[in-house]
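For reference, the structure discussed in these notes is given below.
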Number of protein chains: 2
Amino acid sequence: MKSKKYSTTIRDVADLAGVSVATISRYLNNKSLLTEETAKKVQTAMAELNYTPNPIARNLSTNRTNAIGVVMNEIGGDFFTPLLEGIIETTEKNDFNLLIFTSTGRNRYNPAMLGSMYTDGLIVFIDSLGDEDIAYLHNSDHPIVLVHKSPPTGLQIPVVTIENKRASTRLVNHLIEKHNRRNIVFLRGPEGNEDSFWRELGYREALSTHSIPFDPRLVLVGGFDRFKAKEVIEKLVQEKTQFDAVFAGDDEAAIGVLQALKENGISVPGKVAVVGFDDQRLCPFLNPPLSTIHAPTDLVGVNAAEQLIKMIRNEPVEDIILLPTKLVIRESCGCNSVPENIE
Amino acid sequence: MKSKKYSTTIRDVADLAGVSVATISRYLNNKSLLTEETAKKVQTAMAELNYTPNPIARNLSTNRTNAIGVVMNEIGGDFFTPLLEGIIETTEKNDFNLLIFTSTGRNRYNPAMLGSMYTDGLIVFIDSLGDEDIAYLHNSDHPIVLVHKSPPTGLQIPVVTIENKRASTRLVNHLIEKHNRRNIVFLRGPEGNEDSFWRELGYREALSTHSIPFDPRLVLVGGFDRFKAKEVIEKLVQEKTQFDAVFAGDDEAAIGVLQALKENGISVPGKVAVVGFDDQRLCPFLNPPLSTIHAPTDLVGVNAAEQLIKMIRNEPVEDIILLPTKLVIRESCGCNSVPENIE
DNA sequence: CCGGTTACTGTAACCGTTTACATTCTACAT
DNA sequence: ATGTAGAATGTAAACGGTTACAGTAACCGG
């Protein structure tokens, strides 16, 4: 039935040590006290045979996989690396394995079920899983934590995300108060994106605070996408719509904005100020260096993994963790400073 | 013995369908022909119970995990994302799961053994695993493919890496021939790094072709690290060593070089030309845009995963795959390329 | 000296599959 | 009828652990 590959099992160890398999198992999981003497025998036998317990067998028996999964829709983008970094830091610290799923592949099995049998819990990123799948998993008691996304209505599933609104307000306030901008474009993210929703709310609040009427012509869809954003701004320029600043929704879109402006000979920040959101790795290298909001994506990863592991261990968790963001003022807003961080 | 969580098993399906478990299993793995009628019964029962085979049990029985692992030493850096992207593309296409290990964590078990029981094969990145571990795995018939690293002497393990030397020669040739540089600094990577070794060979070959004597004072250790590289160049400037170009070893180091030069008021490329290696995402945004060599890191991922999966399936594989690299000329070398050529 | 703890250890069932081997059934030649 | 090959299905033993339950030895108080 099996491969030729010989592997030493718990029974081999038991035989050599002259004890029962149960004793070996108990030694491994220090479930009950062993005689000094027995313990020694077991140790010796294990060392002699170079024994490592087979995790798969363990999994089958305990119905735990000791792994968590992260479900993402795309791997690319500067978002992914820090998030994963945070997750891995935590999983390794807690002796969990990490499985990566992307929601695109996998047609044979429904990803929801796959996840549930391969892992003890899932970190679900934005809209990588549909609401029905999330509900299904949740209803079958499979631990989930949502990242940058709130749960389907009615379900109480922990969420880890960042503070979007207040930071956006402050960023737009900065544009208005420090740089006298009044015609500020806002670029939305993809349809239904929650980060975008809150950022827009923040944007509107800043306008309203300063009695600047909301102008729907200045709110466009950049899709958190470099090319889309570039296109949209180009169109705006051609239409000769007046604007003196762009809050690009995220850094990725800001790159497109910068490019569109440059190609149309519009100076940044002289004529138009540009700001983003996320504080990607490349922000300081853009031309001009991009003022933005720092999103602690690695911490999102850490917290999501921590929450999930707590759930798996039946410890209490927060319903929602909102990680603080902070302004990172560089030069694209009009400031002319050596990078100065505000609060 | 078990969690309360009820899960429907192959036996439930067998009972409902009125056949034996073997039949269900055979249906699932289409191992032998079933009567049209039996098949239908099985289908119905499976659908009714919403049955999904338990992969863990399957693993135990077949001694295959249907997962491959990738072992890395660090997650950060622009290297990681495209590599992983390539790997995931391939694993999903082939219905494999992907496990991520970093060599830092994991103290409880030796990572080598862990990997071998959790996965059907491992992609080992640069020096994330010691030679002994690699040898151990290889000797116990665990499939491995090495990435950006050649096998320990004597072992025949497939390697996927990129063409370093010829590309480096061409890049340095470009500096010499097109831009008349003769005092070209080379920044080595970390101690023992093979990419660095070949890049240096390429550098030397270009010098030699043009009868430029090799000057050891111009070869320094930048460690493929932004800060290290910056430091090293600053020192060089302070010592008033003459140089008119820097081949930074990789893009990461090039960033540090650019920074050091800028802070010392040395114009790039006017006074000193700078080139890197890798073609990271942010290269076009640097100031000036960085001329470099494009390393097809995503393809490295794809090829490594493909090779590994072939090994797992006992299909023949290449001993070594050397992926082609190509020059990407932007402006930091002295060229004045207006068009943003490469994505 | 005996019953009752306590502390350790052993026996064997179980986790949910796969698969070697056995069995049954069908069709067809003899 | 009978024998037989071949196809479809069933039976039960693995895979390598965990753990409920049972057993045993040592110790203690009465």
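In what follows, chains are A, B, ... by sequence order, proteins preceding strands, each numbered from 1.
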### Message
If we count only N and O atoms by modelled type, under 3.5 Å, do the side chains of Asp95(B) and Asn66(B) hold a donor and an acceptor together?
### Response
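Side chains of Asp95(B) and Asn66(B): no pair found under 3.5 Å.
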For atom [atom1] of [X] and atom [atom2] of [N], their distance in whole Å:
{"X": "Lys41(A)", "N": "dG10(C)", "atom1": "NZ", "atom2": "C1'", "result": "12 Å"}
{"X": "Leu49(B)", "N": "dG16(C)", "atom1": "CG", "atom2": "P", "result": "14 Å"}
{"X": "Ile10(B)", "N": "dT18(C)", "atom1": "CD1", "atom2": "C1'", "result": "8 Å"}
{"X": "Glu36(B)", "N": "dA7(D)", "atom1": "CD", "atom2": "P", "result": "17 Å"}
{"X": "Ile56(A)", "N": "dG17(D)", "atom1": "CD1", "atom2": "C1'", "result": "11 Å"}
{"X": "Glu37(A)", "N": "dT9(C)", "atom1": "CD", "atom2": "C1'", "result": "12 Å"}
{"X": "Asn66(B)", "N": "dT18(C)", "atom1": "CG", "atom2": "C1'", "result": "14 Å"}
{"X": "Tyr118(B)", "N": "dG17(D)", "atom1": "OH", "atom2": "P", "result": "12 Å"}

Does the base of [N] carry an N or O that pairs as donor and acceptor with the side chain of [X] under 3.5 Å?
{"X": "Arg11(B)", "N": "dT17(C)", "answer": "yes"}
{"X": "Ser25(A)", "N": "dT18(D)", "answer": "no"}
{"X": "Thr9(A)", "N": "dG16(D)", "answer": "no"}

### Message
Can you give me the closest heavy-atom contact between Val124(B) and Ser128(B), atom names plus distance?
### Response
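Between these two residues, the closest heavy atoms are CG1-OG, 3.6 Å.
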### Task
Could you tell me which non-hydrogen atom of Thr9(A) sits nearest to which non-hydrogen atom of Tyr51(A), and how far apart they are?
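Nearest heavy atoms, Thr9(A) then Tyr51(A): C-CE1, 3.6 Å.
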Does a side-chain N or O of [X] approach OP1 or OP2 of [N] to a distance below 4.0 Å, or not?
{"X": "Arg58(B)", "N": "dT18(C)", "answer": "yes"}
{"X": "Ser61(A)", "N": "dG17(D)", "answer": "no"}
{"X": "Thr35(A)", "N": "dT9(C)", "answer": "yes"}
{"X": "Tyr51(A)", "N": "dG17(D)", "answer": "yes"}
{"X": "Ser7(A)", "N": "dG16(D)", "answer": "yes"}

#### Entry: Check: Glu89(B) and Asp298(B) side chains under 4.5 Å, non-hydrogen atoms
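Counting from C-beta outward, Asp298(B) and Glu89(B) never come under 4.5 Å.
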### Query
Looking at Lys149(A) and Asp131(A), does any basic side-chain N land under 4.0 Å from a carboxylate oxygen?
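Salt bridge present between Lys149(A) and Asp131(A).
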### Query
Is the number of heavy atoms from other residues, nucleotides or ligands within 6.0 Å of CD (Glu315(A)) greater than 12?
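Counting neighbours around CD of Glu315(A), more than 12 heavy atoms of other residues, nucleotides or ligands fall under 6.0 Å, so yes.
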Over all strands shown, is [X] touching base, sugar-phosphate only, or nothing at heavy-atom distances under 4.0 angstrom?
{"X": "Val21(A)", "answer": "base"}
{"X": "Leu34(B)", "answer": "sugar-phosphate"}
{"X": "Asn59(A)", "answer": "nothing"}

When you get a sec, tell me which of [options] is the closest nucleotide to the side chain of [X]?
{"X": "Val19(A)", "options": "dG10(C), dT9(D), dT17(C)", "value": "dG10(C)"}
{"X": "Arg26(A)", "options": "dT11(D), dT17(C), dC21(D)", "value": "dC21(D)"}
{"X": "Leu60(A)", "options": "dG10(C), dG16(D), dA8(D)", "value": "dG16(D)"}
{"X": "Thr38(A)", "options": "dG17(D), dC8(C), dT17(C)", "value": "dC8(C)"}

### Task
Using heavy atoms to find the nearest nucleotide of DNA chain D for Ala39(B) and Ala57(B) separately, return the residue whose nucleotide is more 5′.
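Looking at the nearest nucleotide for each, Ala39(B) comes out on the 5' side.
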